[in-house]
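Here the structure comes first, spelled out in structure tokens, and everything after it is commentary.
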Amino acid sequence: MLTVKLPGLELKNPIMPASGCFGFGREFAKLYDLSKLGAIMIKATTLEPRFGNPTPRVAETPSGMLNAIGLQNPGLKKVMEEELPWLSQFDVPIIANIAGSTVEEYVEVAKEISKAPNVKALELNISCPNVKQGGIMFGTVPEVAGHLTEAVKNVSSVPVYVKLSPNVTDIVAMAKAVEKAGADGITMINTLLGMRIDVKTGRSIIANGTGGLSGPAVKPIAVRMIYQVSQSVEIPVIGMGGIMNVDDCIEFLQAGAKAVAIGTANFVNPYVCVELIDALPNRLKELGFDHVNECVGRSWKDEKSSSNSCP
Amino acid sequence: MLTVKLPGLELKNPIMPASGCFGFGREFAKLYDLSKLGAIMIKATTLEPRFGNPTPRVAETPSGMLNAIGLQNPGLKKVMEEELPWLSQFDVPIIANIAGSTVEEYVEVAKEISKAPNVKALELNISCPNVKQGGIMFGTVPEVAGHLTEAVKNVSSVPVYVKLSPNVTDIVAMAKAVEKAGADGITMINTLLGMRIDVKTGRSIIANGTGGLSGPAVKPIAVRMIYQVSQSVEIPVIGMGGIMNVDDCIEFLQAGAKAVAIGTANFVNPYVCVELIDALPNRLKELGFDHVNECVGRSWKDEKSSSNSCP
Amino acid sequence: MIKAWMEIISNRPIAKNIYKMELKGELVQRITRPGQFVQIKVDDSFDLLLRRPISIAEYNAEKNTMTLIYRAEGAGTKRLSRKKASELVDVFGPLGNGFPVEETKEKALLVGGGIGVPPLYELSKQLVQNGVEVVHVLGFSTKAAVFYEQEFKELGETFVATVDGTFGAKGTVMDIINEQRFTFETLYTCGPTPMLKAIEEAFPHKKVFLSLEERMGCGIGACFACVRRTKTDANDSGYKKICTDGPVFRIGEVMLEC
Amino acid sequence: MIKAWMEIISNRPIAKNIYKMELKGELVQRITRPGQFVQIKVDDSFDLLLRRPISIAEYNAEKNTMTLIYRAEGAGTKRLSRKKASELVDVFGPLGNGFPVEETKEKALLVGGGIGVPPLYELSKQLVQNGVEVVHVLGFSTKAAVFYEQEFKELGETFVATVDGTFGAKGTVMDIINEQRFTFETLYTCGPTPMLKAIEEAFPHKKVFLSLEERMGCGIGACFACVRRTKTDANDSGYKKICTDGPVFRIGEVMLEC
Ligand SMILES: Cc1cc2nc3c(=O)[nH]c(=O)nc-3n(C[C@H](O)[C@H](O)[C@H](O)COP(=O)(O)OP(=O)(O)OC[C@H]3O[C@@H](n4cnc5c(N)ncnc54)[C@H](O)[C@@H]3O)c2cc1C
Ligand SMILES: Cc1cc2nc3c(=O)[nH]c(=O)nc-3n(C[C@H](O)[C@H](O)[C@H](O)COP(=O)(O)OP(=O)(O)OC[C@H]3O[C@@H](n4cnc5c(N)ncnc54)[C@H](O)[C@@H]3O)c2cc1C
Ligand SMILES: Cc1cc2nc3c(=O)[nH]c(=O)nc-3n(C[C@H](O)[C@H](O)[C@H](O)COP(=O)(O)O)c2cc1C
Ligand SMILES: Cc1cc2nc3c(=O)[nH]c(=O)nc-3n(C[C@H](O)[C@H](O)[C@H](O)COP(=O)(O)O)c2cc1C
Ligand code: FES
Ligand code: FES
């Protein structure tokens, strides 16, 4: 009752850790068997190794957190030679999150990493708001995002999902632009740009100044955007943004996501992904669903047949 | 140590209730003396009375709430004839929040309401995301917002503050556009568009579908935007978005706001505004400030002299 | 109304997921009528941001105590149910108008559904005190959810229906009402909207008072979250606020939905 | 490491804003070294979302107990300080590498500042057990903030400095170190970064182990929140993670800031 089919992906269940919150899986493999997961979205990989931003890189906010990791990662070569081969011991599809400062960098990473046998899809991180060059630019202008998507599609051996940034006026326009450019799917949302000031020092807690907001605080924004986008495009959406419990997962599916990713919650409860996978069937049954797919888009599918506004 | 001077406004203190969370003051007047407040931002007034959206109109979210009131208000005539005269018994400047579906409607309301003796400033609500006509449009396109600001400035007898919507890609561009159009100040942020689905019914809890997110959850976004805007314009910013306690007030001032408004917190603690006013002097002293103005913009003023990034 | 810390005297389950909480504090002095409610801040964390509106089920001005009966269903009421005696709760109230006890001189019919039953208890007590004869019709989903049947019986004739027939009559309060054909001067009711609608349809010419529910922001009339259109005025902007003009309305005063 | 509910045995103030919490549970069996830490979820609400890293100040594998000593300053540790005996806390750990006890055969100098003092206590106990002579230098802001002076004295010579001179020597741990000119085989230290820096500068050629702090996300090496550049490698991407490669590092292993 949990299997989900998406371009390039045959998921045992619709639950996967979100990029950047799970590294390359080594740490969580000490806690549980990664083969239980629907998929794994690995940390953003760039062409060269990156150290990232100065610390502090995280700060807590009400029901949320800010991060400005700055895409720290060991670089394409090491990911191809060490991380992905290590991950291949698990029976789980890998979605490789890739980032870059130029179209050429994205293209180069996409071309190589999509050849790894366990990489079943790419996730184009066009929206990381932390990295000063690139990131924010690609993700906020429809044409730019479309152009990048097309370039990556041309070289990728696997389906390409584009990860949308919520820091835009018109999320539907972004989604349509990447769909038109050939994206096989959409993942959303990345973090919202935020800031927290330490009143004692008068300065940002995060050394970088601003950071990306994630966690339950952003959930209503994620749900709204998924609700809007999933109705406007034909390609599937993988939803994320503040999911903490099984009802949150179902809320995202009902909003229109076909599968969900869990980010920040992994820090709060390192076992959250497997606990959600275990809890999902019962909760679905309780709510009267025989298969997880039945939830998908229910919020707007229902709307079309009956209106909930006052006569 | 709390007085603040802003265009049109001589504030006893920098604390005021935000529009829509305080009605026209009648209810809170039963709880405390409204003359204690720095100012009052009254509920959005439109030319004609409005009933607003179907109910439910509010929903709770993690550390936040959604609302889709739909600008319910008794209309310009009643506000001029009943609400404002009633408020004139208190020694407190009124900031009249105005809304409309067309430029003409805004202009008409602005022209009349700015003549009321206790209305010391207007707050142009260009960003209410709930009303299908108008609202979202004015607040998300710099040129449109600028045009509206200019039109209202032409007829207003008092300074005009423009209330920015956070649902945009480039908040600084919006701020600059309204500054250029003659705005005397900026208030920010209005609510973020969000949604919550009841998993049992599969539908939005809010009858309107989507609603505006406010409360502590949005605070990091508000702080970031105020930080960006206050550095980019010469006109003053009144900050709001998730303020709950005295440290939150100071955080907003340090981000660059000259005064702050309290919205959702009034529902959580109906005495919050006066409690903050009472608590502010001590906390300022504790942090080493002699006057509230010393906090303003400290986060970016400090930055200019010394960098906090790694060498 | 005031915002006050009230002390929990007791807090315990009385039916499946139904809790009874007794609170003590000066706020009780301000209660004027049965059917008023309070807004509770579950705890001092922000994640459950809003206050929860709960009706006053019983109050005793001499002892400074009041009783709330609530269903622990969502996150907030579940947290509330874990509170223990001697802990303090942040209560704002009393709020709303309440039931007009004085509208009945002789005989009243009280109809409650599920978690709408509690406010009828204080109402019934006060009616009885005024020499009014009361008849109660209470509806629940199932036997495990039934509460206060005994307490109501002590005040007057009491009929109970459960949807699944596991206790009392099988069906809804309307089934009992249709069968028993009660005579009464006034009908007071609180419960789910479909029940209120059925009552409204059944007794269009009677003196009926209905207590409504809606999701609330402020609870005091400032935010326009809880409005209902006035009946006479469906196409323009006439409205009443449930939190201040209500929660109790005279039949026909407002539209039951939207 | 495991995530476990541990029972609070006691939780009480031992100095101004400083609390000592004793916890019981199987998790203790997994602790391998002094200087390891745990990540605590303060309660089940979301508003204080992240876990709080707190060092293990003492542990007893036989009794299944461990002690945390923490300053109640921010929202989370304040909430923690209100917890009572017999309540359960959600603990994840043990995390990090801890102090290498085996690196000292004869004499160790232990230098702690403020809330960096606690992990040195278990370290000192284990060193003493191994027959090592220990000298403690502890720095606090003021008399009211001093804690565990007696406990350390029982293990070895103990010097205390307070910044305002209200207890022990006036000044910082460095003033004592400069004055006393201790001889030692190994120096173990934990405390604020300026203190660690001063020690690093004072003993560039000694065997020194420093325990670092940083704001954390995951606590297990997955999120890259808590990195430090490796010293040899300041211009490229060499780094270590405080949560897994640390919190204890050998002098010179990583840069102390950024
Ligand atoms: C005037 C009035 C009197 C009430 N009296 C009682 C009573 O005596 N006993 C009782 O059990 N319940 C009563 N209710 C309903 C009660 O307010 C809700 O069951 C409760 O707020 C749900 O909170 P939660 O934490 O369980 O749910 P959550 O889902 O966590 O609540 C989330 C938010 O939605 C609001 N909400 C959810 N359901 C409702 C609802 N049905 N009505 C209003 N707000 C809702 C909550 O207040 C909160 O703001 C009353 C409601 C009103 C308006
Ligand atoms: C490895 C390690 C061991 C520690 N051991 C101890 C100990 O034994 N006793 C003790 O009192 N403190 C210790 N600390 C510091 C302790 O983690 C912080 O004081 C605590 O997290 C602050 O939480 P709060 O709720 O009081 O503050 P808040 O301001 O509410 O915290 C907000 C967020 O910032 C984080 N944070 C705030 N200050 C710090 C800090 N100084 N270091 C790391 N994260 C911080 C919190 O964990 C939380 O995520 C240790 C820190 C680390 C990294
Ligand atoms: C510490 C941290 C690091 C992240 N790194 C990445 C990343 O490398 N690439 C990416 O696309 N998203 C990254 N994200 C965003 C998450 O994948 C996710 O989109 C976002 O956090 C919202 O989900 P959540 O609320 O469940 O965390 C990161 C988030 C966090 C908190
Ligand atoms: C119930 C409600 C009604 C609101 N009505 C208005 C309004 O009429 N005009 C307006 O400009 N903003 C309105 N707002 C937005 C607030 O003034 C404020 O900008 C926003 O809520 C963020 O502040 P907060 O987090 O402190 O509530 C409303 C907010 C709420 C919660
Ligand atoms: S709840 Fe705010 S007006 Fe009724
Ligand atoms: S806290 Fe996540 S890597 Fe150290």
Side-chain angles (χ1 to χ4, degrees), chain B residues 17 20-31 43-44 46 48-75 78 198 200 205-207 211 214-217 219 242 244-245 263-272 275, chain C residues 1-5 30 39-53 73-77 90-93 95 193 212-230 233-246 254-258:
Chain B
C21 303
F22 207 76
F24 296 92
R26 287 184 193 268
E27 296 78 18
F28 288 88
K30 292 178 195 154
L31 299 174
K43 176 74 192 161
T46 53
E48 302 299 333
R50 288 208 196 186
F51 176 73
N53 289 322
T55 58
R57 292 177 172 185
V58 295
E60 191 181 65
T61 68
S63 295
M65 68 175 283
L66 295 167
N67 89 80
I69 305 297
L71 292 188
Q72 178 155 22
N73 79 94
K78 193 156 171 214
D198 179 343
K200 288 190 192 146
I205 289 179
I206 290 201
S214 63
K219 193 181 66 157
M244 297 298 288
N245 56 42
T264 305
N266 289 293
F267 307 159
V268 183
N269 173 7
Y271 297 91
V272 66
E275 286 179 358
Chain C
M1 66 221 166
I2 53 167
K3 187 174 96 65
W5 289 99
R30 310 197 172 218
Q39 287 242 79
I40 295 198
K41 180 82 180 83
V42 169
D43 56 29
D44 62 356
S45 61
F46 288 158
D47 58 344
L48 306 182
L49 193 65
L50 298 175
R51 290 175 175 270
R52 268 57 180 167
E73 210 190 341
T77 48
D90 176 353
V91 182
F92 181 48
L95 305 170
T193 308
L212 305 190
E213 277 192 13
E214 187 49 87
R215 288 181 186 252
M216 295 187 172
C218 66
I220 57 172
C223 77
F224 297 91
C226 66
V227 299
R228 285 287 178 274
R229 285 186 191 274
T230 47
D233 213 7
N235 291 315
D236 71 37
S237 61
Y239 67 92
K240 301 254 174 182
K241 293 171 187 163
I242 291 177
C243 65
T244 45
D245 302 319
V254 295
M255 287 172 67
L256 290 184
E257 276 180 310
C258 290

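Residue numbers begin at 1 in each chain, while the letters A, B, ... track the order of the sequences.
Minimum interatomic distance between B:Gln72 and C:Val227 (heavy atoms only, all atoms of both residues): OE1-CG1, 3.4 Å. Residue B:Glu27 comes nearest to C:Gly221 through the heavy atom pair OE2-O, 3.2 Å, listed as atom of the first residue, atom of the second, then distance. Closest approach of C:Leu50 to B:Glu60, counting heavy atoms only: N-OE2, 2.7 Å. Shown here for C:Leu49 and B:Met244, the closest heavy-atom pair between the two residues is CD1-CE, 4.0 Å. Annotation for C:Ile2 and B:Tyr271: closest pair CA-OH, 4.0 Å, computed over non-hydrogen atoms.
C:Ile242 has its side chain out of reach of B:Thr55: every pair of non-hydrogen atoms, C-beta onward, lies at least 4.5 Å apart.
Top candidate by heavy-atom pairs under 4.5 Å with chain C, chosen from B:Gly52, B:Gly64, B:Ala265, is B:Gly64. Top candidate by heavy-atom pairs under 4.5 Å with chain C, chosen from B:Gly23, B:Ala217, B:Ser63, is B:Ser63. Highest contact tally toward chain C, considering only B:Gly215, B:Pro270, B:Cys21, B:Pro74, is held by B:Pro270 [criterion: heavy-atom pairs under 4.5 Å].
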Exercise. Take B:Asn269 and C:Lys41, measure what side-chain contact (heavy atoms from CB on, under 4.5 Å) needs, and give me the verdict at the end.
Key: CA-CA 9 Å; B:Asn269 173 7; C:Lys41 180 82 180 83; over 6 Å; no
Quiz item: Given the rule in the side-chain contact (heavy atoms from CB on, under 4.5 Å) test, do C:Arg215 and B:Met65 qualify, once you have shown the distances and angles that lead to the verdict?
Solution: CA-CA 11 Å; C:Arg215 288 181 186 252; B:Met65 68 175 283; over 6 Å; no
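Residue C:Lys3 touches chain B through both its backbone and its side chain, counting heavy-atom pairs closer than 4.5 Å. The contact between C:Phe224 and chain B is made by backbone and side chain atoms together, counting heavy-atom distances below 4.5 Å. Only the backbone of C:Met216 comes within contact range of chain B, with at least one heavy atom under 4.5 Å from a heavy atom of that chain. For chain C, the nearby part of B:Thr61 is the backbone; its heavy atoms alone come within less than 4.5 Å.
Distance CZ/B:Arg26 to OG1/C:Thr244: 12.5 Å, rounded to 0.5 Å.
Taking the ring centre of B:Phe51 as origin, the terminal cationic atom of C:Arg229 falls inside the region bounded by 6.0 Å and 45° from the ring axis.
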